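So the structure is just underneath, and the comments pick up after that.
Here is how names work: the chains are called A, B, and so on, in the same order as the sequence lines, proteins then strands, and each is numbered from 1. What you are looking at is a predicted structure, and each value in this text was computed from that prediction instead of being measured. Atoms considered below: every heavy atom in the structure, side chains included; atoms not considered: hydrogens, waters and symmetry mates.
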Amino acid sequence: MTRIQAIRGTKDLLGDELARWRFLEETVRAVAERSGYEEIRTPIFESTDLFSRSIGTDTDIVQKEMYTFPDRKGRSLTLRPEGTASVVRAFLENHLARERPIAKVYYIGPMFRYERPQKGRFRQFHQFGTEVLGPEDAFYDAETIAVFHSILGSVGLGDLTVRLGSVGDESCRPAYVERLSAYLRGRREDLSEISRERLERNPLRVLDSKEEEDRAVVREAPSILEDLCDSCAKHLDEVRRALDRAGIPHALDAGLVRGLDYYTRTVFEIHHDRLGAQSALGGGGRYDRLAEDLGGPRTPGVGFSAGMERIVSVAEELAIRWEMPRELRILVAPLSERASEEVLPILLRLRARWRADGSARPRNLKTVLKQANREGAGLLLLLGGEESAPGSALVKRLDSGEQENILLDRLEERIEEIASRIAAPGAARKE
RNA sequence: GUGGGCGUAGCUCAGCUGGUAGAGCCCCAGACUGUGGAUCUGGUUGUCGCGGGUUCGAUCCCCGUCGCUCACCCCA
């Protein structure tokens, strides 16, 4: 019998690793909510059309990376490969534009792409991100980058590189793509084989090439930043100035090409060099036409999404300690068969106030102490010990070893008192 | 989809030119006849990823397959 195991590119999260995830999630929520964003949760699967229409039928995501399947009535469904399309769909479907001029939302959740897994890349991965729908102001582009930057800073990540670019809009991009293709065709002989293929499919992708031979060609290629129309150039300039004022260093990157077709104007990525080949922690940009493409009224938008696996991975490599303040934990242990009957009722009383766990069967004291240490308990409540009378228990502090007998009638009261001493500043800790 | 590396105990890994397995950690127990994190002693755990081939005999060699991993592509 072969044992069933997790699907390739997916994994279980537990223990210390899960603790880091929870810390990251709480940080995301805290920073986003402080910044005026509300959570949104959209379905994990959607109509396939939603993604092919928004992300673009020529992109790798749509062409080969989607988890698409027919449901029982033959409709084509897809596990979401990214978050923005769903958010915009939900925005239109729930008529959020009628309720407020600006919608600011954030999300956290799993995404799915059928790719060969490697470091920092999985088939089920997790992203958090924000979207601002409604306004067109560069203020929100800068705020988006700032919120992302601030989340990374709040979890202790420094040495970040913010790359900023613009892909123009419908009035200046087509002309640029034409100019770029003309240039690349002229230097066709100097390009790598892969890039020659890209030239036909999507010339912008050539700019992102990592092939050594392409670098020189790309370096001399016309830059879209010089071809931007006046309004796009002005927008980019405003984003830069806002970032400068906010003290967020950034580098202009003319070759920034993102994997989704819906972007207009601003695009950006934040990188960290401790991540191997997949150095992007996340990215995003503006998508002023997406709502229209999905059948709604024109609604400008800007957002980012970030990879949780990648952020956790960098934090691990940098040995950043992500720990939530630990609440007091109480372990209840019976030392006799009779006392074990008392365990559950006492646990239920304790759990009204504290985090408490206990053992079902009596065990010898040494074992109990070892277990308490291993589990990081703060207090140990021993029932049925030799020196405790019926109706009483021995409470022992695991840090100092101090112990005292207490009456079960006054359990909560006494624990409260002891707990406050543990929490008190300057409490002796024997580490 | 393509290429490299790797699959041996719960974990990290050894295993010499083929003779059907070991170390450390962890865990459990004892020394310490009811007071912990140290030390010492002892103990449990394996379809050697799976299938086939070569061989008297395969964890080891060959082929296939599955999985993991890193890289390419692309991206979170």
Report yes or no: is there a donor-acceptor pair, N or O only, under 3.5 Å between the side chain of A:K119 and the base of B:U69?
no
Would you classify A:Q371 as touching base, sugar-phosphate or nothing, given that sugar-phosphate means primed atoms plus P, OP1 and OP2, and contacts are heavy atoms under 4.0 Å?
nothing
Work out how far the P atom of B:C48 is from that of B:U8, and round it to whole angstrom.
11 Å
Within the 3.5 Å criterion, strictly below it, is a donor on A:T367 or A:N364 matched to an acceptor on the partner's side chain?
yes
Output the rounded distance in Å from OH (A:Y67) to P (B:A76).
17 Å
Given atom CZ of A:R8 and atom C1' of B:C70, what is their separation to the nearest angstrom?
12 Å
Within 45° of the ring axis of A:Y114 and under 6.0 Å from its six-membered ring centre, is that where the NZ or CZ of A:R123 lies?
yes
Using the closest heavy atom to pick a nucleotide of RNA chain B for each, name whichever of A:G283 or A:I7 lands nearer the 5' end.
A:I7
Write down the distance separating the P atoms in B:U17 and B:C61, rounded off to the nearest Å.
11 Å
Can you find a donor-acceptor pair, distance only, under 3.5 Å between A:Q118 side chain and B:C73 base?
yes
Do A:R121 and B:C73 have a side chain to base donor-acceptor pair shorter than 3.5 Å?
yes
Regarding A:Y183 and A:R179, is there a side-chain donor-to-acceptor distance under 3.5 Å anywhere?
no
Spell out yes or no: do the side chain of A:R310 and the base of B:C75 have one donor N/O and one acceptor N/O closer than 3.5 Å?
yes
Using a 4.0 Å heavy-atom cut-off across all strands, classify A:L382 as base, sugar-phosphate, or nothing.
nothing
Looking only at side chains, do A:T78 and A:T68 share a donor and an acceptor under 3.5 Å apart?
yes
Nearest whole Å is fine: how far is B:A76 P from A:L157 CG?
18 Å
Between B:G18 and B:C62, how far is it from one P atom to the other, in whole Å?
11 Å
Out of B:U69, B:U35, B:C74, which has the shortest distance to the side chain of A:Q403?
B:U35
On a whole-Å scale, what distance lies between the P atoms belonging to B:U65 and B:G3?
12 Å
Nearest-angstrom distance from the residue atom CD of A:E309 to C1' of B:C70
17 Å
In whole angstrom, give the distance that lies between atom CG of A:L369 and atom C1' of B:G34.
9 Å
Ignoring the backbone of A:R116, work out which of B:G1, B:G34, B:A76 is nearest its side chain.
B:G1
P atom, B:C74 versus B:C66: distance in rounded Å?
26 Å
B:C75, B:U2, B:C74: which one has an atom nearest the side-chain heavy atoms of A:R113?
B:C75
Gap between atoms CH2 and P, on A:W21 and B:A76 respectively (whole Å)
16 Å
A:R374 near the nucleic acid: base, sugar-phosphate alone, or nothing, with a heavy-atom cut-off under 4.0 Å?
sugar-phosphate
May I have the distance from A:K366 (atom NZ) to B:C28 (atom P), rounded to whole angstrom?
10 Å
Inter-nucleotide C1' distance (B:C6, B:C60), Å rounded
15 Å
CZ of A:R363 versus C1' of B:C27: gap in Å, rounded?
12 Å
Taking side chain to side chain contact (heavy atoms under 4.5 Å, CB included) as the criterion, tell me which of A:I311, A:V314, A:T161 meets it with A:H272.
A:V314
Would you call A:R89 and A:E93 a salt bridge, using N to O less than 4.0 angstrom?
yes
A:E402 with A:R421: basic N within carboxylate O range, under 4.0 Å
yes
For A:T367 and B:A29, is the shortest distance between a side-chain N/O and OP1 or OP2 below 4.0 Å?
yes
Would A:Y262 and A:Y287 count as a close aromatic pair, with their ring centres under 6.0 Å?
yes
Using Watson-Crick and G-U wobble pairs with both distances under 3.5 Å, what is the 5'-to-3' dot-bracket string of RNA chain B, with [ ] for crossing pairs and | for pairs outside the strand?
(((((((..((((.....[..)))).(((((.......))))).....(((((..]....))))))))))))....
Could you give the distance separating B:C32 and B:U41 at their C1' atoms, to the nearest angstrom?
13 Å
Pairwise C1' distance, B:G5 and B:A38 [rounded to whole Å]:
41 Å
Select from A:K64 and A:G9 the residue whose nearest nucleotide in RNA chain B is closer to the 5' end of that strand.
A:G9
Below 4.0 angstrom, N of the basic side chain to O of the carboxylate: do A:E412 and A:R349 qualify?
yes
